[in-house]
Amino acid sequence: MRHEPVLLVIAHGSRDPRHAATVHALVRRVRSLRPGLRVETGFLDFNIPSVQGVLESLAAEGVRDVVALPLLLTRAFHAKADIPAVLREAPRRLRIRQAEVLGPSPLLLDALERRLYEAGLTPADKSSTGVVLASAGSTDPEAIAVIADIAREWRHTGWCAVRPAFASASLPRTEDAVRELRALGCERVAVAPYVLAPGFLPDRIARGAAEADVLADVLGPAPEVARVLLERYDGARVPRLAAVGA
């Protein structure tokens, strides 16, 4: 019987305990959507188990195939450098394929809207509501361009306007984007955090949303996010993709 590769979800980690709790809730959602798939979680920093520790444990058990999935929304430094470096240090007996990051995906736009509706908006509010797509931010131009593209795409689904904002490294800040949407004449302004889990930068986004009418929750364990994880897993486990370090 052929066994499916183990899915290793790689999260950044945080000193904020809400971060790990949210990651574990998302992983539980993934397991519920695909019973029988083994899903493990490893952290790059601050939390345990570490990615290296999980990989060593899997190798000791006799596992051969692993799909390493970065729990990231954009393909920036962690996906391009940190995670590949950690995976190159894995036990040699493991065959590891690194999956793509989660974004962009239409399912993530669905998750963003879910969070806005949970925060009090309705589909009837879209045409009169301006939305700030608030991400953590990055020094990577590719990641910044992706956020801008997502904002443009989301605008075409019926919102009054959508503006990107960043909690660090890039501009504008959330509060500046809120004021811009006010100046455009949007009847109400909502802030949609394009982040996966609570922590320092999401808290900064929340502070920047003080003048907004609606602040949505982080994406967290939304069912759409769990479905994206499984899509990325399925895309990486096919044999035609080269293994990490091959």
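Predicted model, so just to flag it, every value in this text is computed and none were measured.
- Taking the six-membered ring where tryptophan is involved, the planes of Trp159 and Trp154 are perpendicular, since the angle between them exceeds 60° and thus also 30°.
- Ion pairing between a basic and an acidic side chain is recognised when a charged N comes within 4.0 Å of a carboxylate O; Arg227 and Glu224 show no such pairing.
- The line from CG of Leu133 to OG1 of Thr174 is 9.5 Å long, rounded to the nearest 0.5 Å.
- Under the 3.5 Å distance criterion, the side-chain polar atoms of Arg237 are left unmatched by any main-chain donor or acceptor of Glu4.
- Using a distance-only test at 3.5 Å, with no hydrogens or angles considered, a donor-acceptor pair links the side chain of Asn47 to the main chain of Ser14.
- The closest donor-acceptor contact from the side chain of Glu153 to the backbone of Pro106 lies at 3.5 Å or more, if one exists at all.
- Counting non-hydrogen atoms of neighbouring residues, nucleotides and ligands closer than 6.0 angstrom, the CD atom of Glu100 reaches no more than 12 such neighbours.
- Nearest heavy atom pair, residue Ala165 against residue Ala177, reads CB-CB, 4.0 Å.
- For the atom pair NE2 of His24 and CG of Leu26, the computed distance is 11.0 Å after rounding to the nearest 0.5 Å.
- Side-chain atoms of Arg173 come within 3.5 Å of backbone atoms of Phe166 as a donor-acceptor pair (strictly under, hydrogens ignored).
- For the atom pair Arg95 CZ and Asp65 CG, the distance stands at 4.0 Å (nearest 0.5 Å).
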For this session: Starting from the C-alpha separation in whole Å, work towards a yes-or-no answer on salt bridge (charged side-chain N to carboxylate O under 4.0 Å, His left out) for Arg182 and Asp213.
Result: CA-CA 11 Å; Arg182 291 274 189 226; Asp213 301 293; 2.9 Å; yes
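- Interatomic distance, Glu175 CD to Arg179 CZ, rounded to the nearest 0.5 Å: 6.0 Å.
- A pairwise comparison of heavy atoms in Pro70 and Ile83 identifies CB-CD1, 3.5 Å as the closest pair.
- A distance-only check finds no donor-acceptor pair linking the side chain of Ser138 to the backbone of Ile144 [under 3.5 Å].
- For the pair His19 and Pro198, the tightest heavy-atom approach, listed with the atom from each and the gap, is CB-O, 3.7 Å.
- Side chain of Asp125 to backbone of Thr122: a donor-acceptor contact under 3.5 angstrom is found.
- Without hydrogens or angle criteria, Arg155 side chain to Cys160 main chain gives a donor-acceptor distance under 3.5 Å.
- The two residues Val63 and Arg38 make their nearest non-hydrogen contact at CG2-NH1, 4.0 Å.
- Separating the CG atom in Leu72 from the OG1 atom in Thr74 is a distance of 7.0 Å, to the nearest 0.5 Å.
- The 12-atom threshold is exceeded at CZ of Arg93, counting heavy atoms of other residues, nucleotides or ligands nearer than 6.0 Å.
- Atom CD1 of Ile48 has 12 or fewer neighbouring heavy atoms from other residues, nucleotides or ligands inside a 6.0 Å radius.
- Atom CD1 of residue Ile150 and atom OH of residue Tyr194 lie 3.5 Å apart, to the nearest 0.5 angstrom.
- The hydrophobic cluster containing Val189 also includes Val132, Val178, Leu181, Leu184, Val191, Val195, Ile205, Leu215, Val218, under a criterion of side-chain heavy atoms closer than 4.5 Å among ILVMFWY residues, counted directly or through chains of members.
- Arg29 is linked by a salt bridge (Lys or Arg N to Asp or Glu O under 4.0 Å) to nothing, counting only residues two or more places apart in sequence or in another chain.
- For Arg232 (side chain) and Ala99 (main-chain N/O), no donor-acceptor pair under 3.5 Å exists by modelled atom type.
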